[in-house]
Amino acid sequence: MMTITYPVKNGIYVNMTNRCPCACTFCLRNNGDSIYGSDPLWLDREPSVEEICDSIDSWDLTKYNEIVFCGYGEPTERLDDLLKVAAHVKSESDIKIRINTNGLSDLIWKERTAPKLSGLIDTVSVSLNTDNKEDYFKTVRPKFGIDSYDAMLQFTKDCVKYVPNVIMTVVDVVTSPEEQERCREICESIGAKLRVRPFES
Ligand code: SF4
């Protein structure tokens, strides 16, 4: 059984793809084969736009605050499909829509992608992870190389123009207070807000 949507607190989370251009050292996908086989978030195949819309429509959205594109994978790997689903949701509900992303959409698509989010996405949450490109490259291990950090920051800066709420996240415990402060300065310089997320083992 594959899980396309699932509730987390006040949100409905959407799991569209397991593809990702990164190999973060902390990724849940690295937890070993035993998890993949039995984990319902590991997709046997990618669901179609219609299947995703049907799955979202099966929930009573009046009971939730947010639709969140997340999952075991990078949702912007399917950006056009994601936006079709978002348009469908917007056509029948005023629920807020968020994307949790690694921020590398421009590198995946080889174009500036933030303008496409305009009017469809209410919140973008980008994983900042660290305050410098070298540590980012070591931890996130993006296939696009060392300059991925700069592209992620540029994407986030662009998002500020097109999306009402832009957040960057770092994980508590694995970043020092000093590093978090420098991350806060980076966020402020591009117009985003920093959120320090609790460590989840
Ligand atoms: S960006 Fe997300 S899905 Fe991709 S490897 Fe990192 S934690 Fe995993």
Side-chain angles (χ1 to χ4, degrees), residues 2-6 8 11-47 52 66-79 81-82 85 97-110 113-114 117 121 123-156 158-159 163 166-175 179-180 183 186-187 192 194-201:
M2 69 177 184
T3 302
I4 304 173
T5 55
Y6 55 100
V8 178
I12 294 295
Y13 280 58
V14 184
N15 181 33
M16 294 181 71
T17 183
N18 292 145
R19 283 181 282 152
C20 182
C22 304
C24 299
T25 51
F26 51 81
C27 183
L28 294 172
R29 305 188 313 164
N30 296 338
N31 280 359
D33 294 340
S34 57
I35 295 213
Y36 283 13
S38 55
D39 196 308
L41 286 185
W42 196 253
L43 297 164
D44 299 332
R45 62 175 176 83
E46 293 190 343
I52 299 166
E66 218 176 13
I67 298 278
V68 184
F69 291 93
C70 185
Y72 275 12
E74 169 49 41
T76 65
E77 282 275 359
R78 293 187 66 188
L79 185 60
D81 288 345
L82 184 160
V85 174
I97 302 180
R98 164 160 57 114
I99 305 178
N100 286 355
T101 177
N102 58 27
L104 300 182
S105 169
D106 292 0
L107 295 179
I108 296 170
W109 294 102
K110 300 187 177 68
T113 51
L117 311 183
I121 305 300
T123 301
V124 174
S125 176
V126 180
S127 304
L128 175 60
N129 290 303
T130 180
D131 65 344
N132 68 85
K133 64 199 283 179
E134 288 79 16
D135 286 343
Y136 181 86
F137 186 58
K138 270 189 237 152
T139 312
V140 175
R141 300 186 289 186
K143 73 176 186 189
F144 306 110
I146 186 85
D147 293 331
S148 300
Y149 187 77
D150 300 331
M152 175 271 293
L153 290 181
Q154 183 62 55
F155 168 78
T156 310
D158 289 350
C159 281
V163 175
V166 181
I167 299 164
M168 303 195 92
T169 62
V170 294
V171 178
D172 206 0
V173 185
V174 298
T175 49
E179 196 175 353
Q180 286 170 21
C183 287
I186 291 170
C187 282
L194 184 74
R195 188 165 90 82
V196 180
R197 290 194 293 125
F199 180 75
E200 289 157 22
S201 57

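These figures come from a predicted structure and were not determined experimentally. One-based numbering, in listed order, for ligands and for the atoms of each.
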Heavy atoms of the protein only: does one fall short of 4.0 Å from atom 2 (Fe) of ligand 1?
-> no
Of all the atoms in ligand 1, which lie at a distance below 4.0 Å from a heavy atom belonging to N102?
-> 1 (S)
What are the atoms of ligand 1, with element, lying closer than 4.0 Å to any heavy atom of C20?
->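 Under 4.0 Å from C20, ligand 1 has these atoms: 1 (S), 3 (S), 4 (Fe), 5 (S).
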Are K138 and T130 close enough that some pair of their side-chain heavy atoms sits under 4.5 Å apart?
->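 The answer is no; the side chains never approach within 4.5 Å.
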With a 4.5 Å heavy-atom cut-off, do S127 and E74 have their side chains touching?
->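 Heavy-atom side-chain distance check fails, nothing below 4.5 Å.
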Minimum-distance protein heavy atom relative to atom 8 (Fe) of ligand 1 | C27 SG, 2.3 Å
Do N18 side-chain atoms and Y72 backbone N/O form a donor-acceptor pair below 3.5 Å?
-> yes
Short side-chain to backbone donor-acceptor contact, D131 and C183, under 3.5 Å |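 Answer holds: no.
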Using distance alone, with no hydrogens and no angle criterion, decide if D158 and Q154 have a side-chain donor and acceptor under 3.5 Å apart.
-> yes
2.8 Å cut-off met by an N, O or S atom of C24 to atom 6 (Fe) of ligand 1 =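 Looking at C24, which is the residue asked about, there is an N, O or S atom under 2.8 Å from atom 6 (Fe) of ligand 1.
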